[in-house]
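A single structure is presented below for examination.
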Amino acid sequence: MMDEKMEKDEVQYDEEHLRDLLQTGETDAFREEYLALHPYDQAQFYEKVGPDIRQIIYQYLSPKEMSTVFEALELDDENYLPFIDEMESTYAAQMISEMYTDDAVDVLNELGQDRVSHFLKIMDQKSAEDIRDLLYYEKHTAGSIMTTEYVSIPANSTVRSAMNILRNAAPDAETIYYIFVVDDANHLVGVISLRDLIIAAEDTLIHDIMNERVVSVNVTDDQEDVAQVMKDYNFLAVPVINSQGEMLGIITVDDIIDVIDEEASEDYSKLAGVSDMDTFDTNPFQAAKKRLPWLVILLLLGMLTANLIDLFTVTLEKVALLAAFIPLIGGTSGNSGTQALAVAVRGIATGDVEEESKMKLLVREGLTGVIMGIVCGIVAFLIVYLWQSEALLGLLVATAIACSIFVATVAGSIIPLLMHRLKIDPAVASGPFITTLNDITSILIYLGIATVFIDRLM
């Protein structure tokens, strides 16, 4: 066991030495050391060096070897393009054809249609056909992330013949831990693990030892639903079928990890009021374009808040001190609403919030809001009374905070549930959006109560 945990970004290779081997033209030495590295380290080195060094790498590595490096790159899909542009077209096309089909499709989806057609013409016919089939499916569906490199065997074959099929197919398969069983019409009828296949007698029929209860996903299913299936059943891979039950491909756990990361980033960006998460490499104009729509919407909602305050000008003129507590009440209620929103969105995303548990969630959040409101109200009363020696003002602020927190907590739970019912992404009910709505309601509650008791406050 290692004495210290290795940091994620700790270098596992001698970067300068590899650079020197490239620049001095020591091809064999570079290939020996570089290809001995883990694909992750290969990809990290490839990404760090500049275009000039990468041009040498393209000369030293075959398209097949380069495909392994490219598959290990941890990039957003749109960031593949600069690397593809550096390569000679034939080299790039051959490299993409050597990649697993799902990874190849991710890269090609970011290229223009003319360039995709050009690459497909250069590739060998089998790879081009497999890739073309997956390009047909919509993004973020099971079909768009599945791979066609899997092992399937006939139901009426023996273990001996199945092992022969496995040996021949294994080099190109993305995983061999699950072997899928199909009938003569390629319908998925069962599954068998590699372990069960190895320990079975050679003359045993696959039909007799396979598991007929196969969990599968439809090719049109949303990738989030596929991720949930993989999580629920702890699968390493899940088969993908069409509406006729025909086996089309598989989705492996590494692709699902990417999906979970992508969906989490997307939900986080929406909660932050950003249409799409931008990276450090995003230029200022693109970043502004992504963020401006929500900012403009929130600006307009903020104007509504300003107009509400204007309606209570008379009340504020009589007791100017009331204005000092508006940010306190609005901020506290906004924070409580965002907390409730995060709980609801998380529950929906993980599938923990089912139809029968929605009312339970609302009741729990409502009671939570009551408890938090009472506690915060008491604290606010003590602070205002000790600060201003005004018991009635302290009671007013405490009441407004308690009511605002309760309303904000309930709203933060109801809004994402309603959006989910309307088939709208609940993460769109972003934190800034909820906060602005809570500002409006808290001002109405606070200044409304103050207006009723204004004569006693003066």
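The structure displayed is predicted, hence computed values, not measured ones.
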With a 4.5 Å heavy-atom cut-off, do Asp222 and Val226 have their side chains touching?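 Side-chain contact under 4.5 Å: no.
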
Intermediate values then yes/no, side chain to side chain donor-acceptor pair (under 3.5 Å), Glu149 and Thr101: CA-CA 7 Å; Glu149 287 97 352; Thr101 315; 2.8 Å; yes

Can you see which heavy atom on Ala227 is nearest to which on Val259, and at what distance?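 Heavy atoms only, the tightest pair is CB-CG1, 4.4 Å.
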
Starting from the C-alpha separation in whole Å, work towards a yes-or-no answer on side chain to side chain donor-acceptor pair (under 3.5 Å) for His140 and Glu224. CA-CA 8 Å; His140 307 303; Glu224 282 191 82; over 6 Å; no

How far apart are the closest heavy atoms of Ile57 and Phe30, and which atoms are they?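 Of all heavy-atom pairs spanning Ile57 and Phe30, the closest is CG1-CZ, 4.3 Å.
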
Within 6.0 angstrom of His207 NE2, more than 12 heavy atoms from elsewhere: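 For His207, atom NE2 is not crowded (no more than 12 foreign heavy atoms under 6.0 Å).
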
Sole candidate of Val107, Leu111, Val105 that passes side-chain contact (heavy atoms from CB on, under 4.5 Å) when paired with Asn109: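 Among the candidates, only Val105 passes.
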
Report the residue from Asp106, Ile260, Asp102 that forms a side-chain contact (heavy atoms from CB on, under 4.5 Å) with Asp255.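 Per the side-chain contact (heavy atoms from CB on, under 4.5 Å) rule, the option paired with Asp255 is Asp102, out of Asp106, Ile260, Asp102.
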
Hey, are Asp196 and Ser193 close enough side-chain-wise for a donor-acceptor pair under 3.5 Å?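 On atom types as modelled, these side chains qualify, holding a pair under 3.5 Å.
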
Any side-chain heavy-atom pair from Tyr60 and Tyr34 closer than 4.5 angstrom?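 Tyr60 does not reach Tyr34 side chain to side chain.
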
Hey, does the side chain of Asn211 reach the backbone of Ile192 with a donor-acceptor pair shorter than 3.5 angstrom?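 No.
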
To the nearest 0.5 Å, how far apart are OG in Ser67 and CG in Asp103?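 Answer rounded to 0.5 Å: 9.5 Å.
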
Counting distance only, does the side-chain N/O of Asp221 pair as donor-acceptor with the main-chain N or O of Asp225 below 3.5 Å?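 No; judged by distance alone, with no hydrogens or angles, the pair does not exist.
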
Contact summary for Pro154 and Val181, nearest pair of heavy atoms: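 Smallest interatomic distance, heavy atoms only, reads C-CG1, 4.1 Å.
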
Tyr150 and Phe180 aromatic ring geometry - parallel, tilted or perpendicular at 30°/60° bounds: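 If you compare the ring of Phe180 with that of Tyr150, the planes turn out perpendicular.
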
Is the number of heavy atoms from other residues, nucleotides or ligands under 6.0 Å of Asp208 CG greater than 12?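 It does: Asp208 CG has more than 12 such atoms within range.
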
With side chains defined as the heavy atoms from C-beta onward, is the minimum distance between Pro239 and Val215 less than 4.5 Å?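 No, their side chains stay 4.5 Å or more apart.
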
Is the side chain of Ser404 donor-acceptor paired with the backbone N or O of Ile401 at a distance under 3.5 Å, no angle test?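 Between the backbone of Ile401 and the side chain of Ser404 there is no qualifying donor-acceptor contact (under 3.5 Å).
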
Hey, could you give me the CD/OG1 distance between Glu174 and Thr147, rounded to the nearest 0.5 Å?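 Answer for the CD-OG1 pair, Glu174 versus Thr147, is 4.5 Å.
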
Does atom CG (Asp232) have a neighbourhood of more than 12 heavy atoms from anything else shown, all under 6.0 Å?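 Yes, enclosed.
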
Kindly assign one of parallel, tilted or perpendicular to the pair Phe70 and Phe83, based on the angle between their ring planes and the thresholds 30° and 60°.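 Because their plane-to-plane angle is over 60°, the rings of Phe70 and Phe83 count as perpendicular.
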
Are any of the side-chain heavy atoms of Met123 and Ile96 separated by less than 4.5 Å?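 With C-beta onward as the side chain, the pair touches.
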
Donor-acceptor pair, distance only, cut-off 3.5 Å: does the side chain of Asn168 make one with the backbone of Asn164?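 It does hold such a pair.
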
Could you pull out the closest heavy-atom pair between Ala411 and Pro416, with the gap in Å?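 What the structure gives for the nearest pair is O-CD, 4.2 Å.
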
Pairwise side-chain contact, Leu37 with Leu18, heavy-atom cut-off 4.5 Å (strictly under):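 A side-chain contact under 4.5 Å exists here.
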
Might you work through the side chain to side chain contact (heavy atoms under 4.5 Å, CB included) test for Val238 and Ile250, ending with a clear yes or no? CA-CA 6 Å; Val238 65; Ile250 63 170; over 6 Å; no

Quick one: do the Gln125 and Glu129 side chains pair a donor with an acceptor below 3.5 Å?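 Yes, side-chain donor-acceptor contact under 3.5 Å.
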
Using modelled atom types only, decide if a donor and an acceptor are shared between the side chain of Thr24 and the backbone of Asp20 within a distance under 3.5 Å.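 Side chain of Thr24 to backbone of Asp20, a donor-acceptor pair under 3.5 Å: yes, one is there.
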
Which distance, rounded to the nearest 0.5 Å, do you find between the CD of Glu365 and the CG of Leu417?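 Taking CD in Glu365 and CG in Leu417, the distance rounds to 9.5 Å.
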
CZ of Arg19 to CD of Glu15: how many Å apart, nearest 0.5 Å?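 One gets 5.0 Å once the value is rounded to the nearest 0.5 Å.
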
Go through the steps to decide whether Ile84 and Met95 satisfy the test side chain to side chain contact (heavy atoms under 4.5 Å, CB included), and finish with yes or no. CA-CA 10 Å; Ile84 296 294; Met95 181 201 70; 4.0 Å; yes

Asn335 and Gln339: side-chain donor and acceptor closer than 3.5 Å?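 There is no such pair between these side chains.
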
If I take atom CG from residue Leu248 and atom OG1 from residue Thr148, how far apart are they, to the nearest 0.5 angstrom?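 Between Leu248 CG and Thr148 OG1, I get 10.0 Å after rounding to 0.5 Å.
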
Does one side chain, of Ser127 or Asp124, offer a donor that lies under 3.5 Å from an acceptor on the other?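 Looking only at side-chain atoms, Asp124 and Ser127 do form a donor-acceptor pair, the distance falling under 3.5 Å.
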
Just by modelled atom types, is the Glu246 backbone N or O under 3.5 Å from a matching donor or acceptor in the Gln244 side chain?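 Not at all, since once roles are kept as given, no pair shorter than 3.5 Å links the two residues.
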
Side-chain contact, heavy-atom cut-off 4.5 Å: Val189 with Glu212?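 Sidechains of Glu212 and Val189: no contact.
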
Side-chain donor-acceptor pair under 3.5 Å between Tyr58 and Glu88, yes or no?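 No, no side-chain donor-acceptor contact under 3.5 Å.
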
Lys/Arg N to Asp/Glu carboxylate O, Lys64 vs Glu71, below 4.0 Å: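 A salt bridge is absent here (no side-chain N lies under 4.0 Å from a carboxylate O).
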
With heavy-atom distances below 4.5 Å as the criterion, would you say the side chains of Leu236 and Thr252 are in contact?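 Contact flag for Leu236/Thr252 side chains = no.
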
Atom OG of Ser89 and atom CD1 of Ile122: how far apart are they, to the nearest 0.5 Å?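 It comes to 5.5 Å.
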
So which atom in Asp439 and which in Gly330 form the shortest heavy-atom distance, rounded to 0.1 Å?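 Between these two residues, the closest heavy atoms are OD1-O, 3.4 Å.
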
Could you check Val343 against Ser413 for side chain to side chain contact (heavy atoms under 4.5 Å, CB included), going step by step and ending with a plain yes or no? CA-CA 8 Å; Val343 172; Ser413 301; over 6 Å; no

Before giving the answer on side chain to side chain contact (heavy atoms under 4.5 Å, CB included), spell out for Met146 and Leu134 the whole-Å C-alpha distance, their side-chain angles and the decisive distance to 0.1 Å. CA-CA 8 Å; Met146 73 178 181; Leu134 295 194; 3.3 Å; yes

Do Thr409 and Val370 come within less than 4.5 Å of each other through their side chains, counting heavy atoms only?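 Result no, sub-4.5 Å side-chain heavy-atom pair not found.
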
Salt bridge (Lys or Arg N to Asp or Glu O under 4.0 Å) assessment of Arg115 paired with Asp85: CA-CA 11 Å; Arg115 201 168 184 188; Asp85 288 340; 2.5 Å; yes

If every non-hydrogen atom of Thr141 is compared with every non-hydrogen atom of Thr220, which pair is closest and at what distance?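 Distance-wise, the nearest heavy atoms are CG2-O, 4.1 Å.
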
Decide if atom CD of Glu32 counts as having more than 12 heavy atoms of other residues, nucleotides or ligands within a radius under 6.0 Å.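 Not buried by this count: 12 neighbours or fewer within 6.0 Å.
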
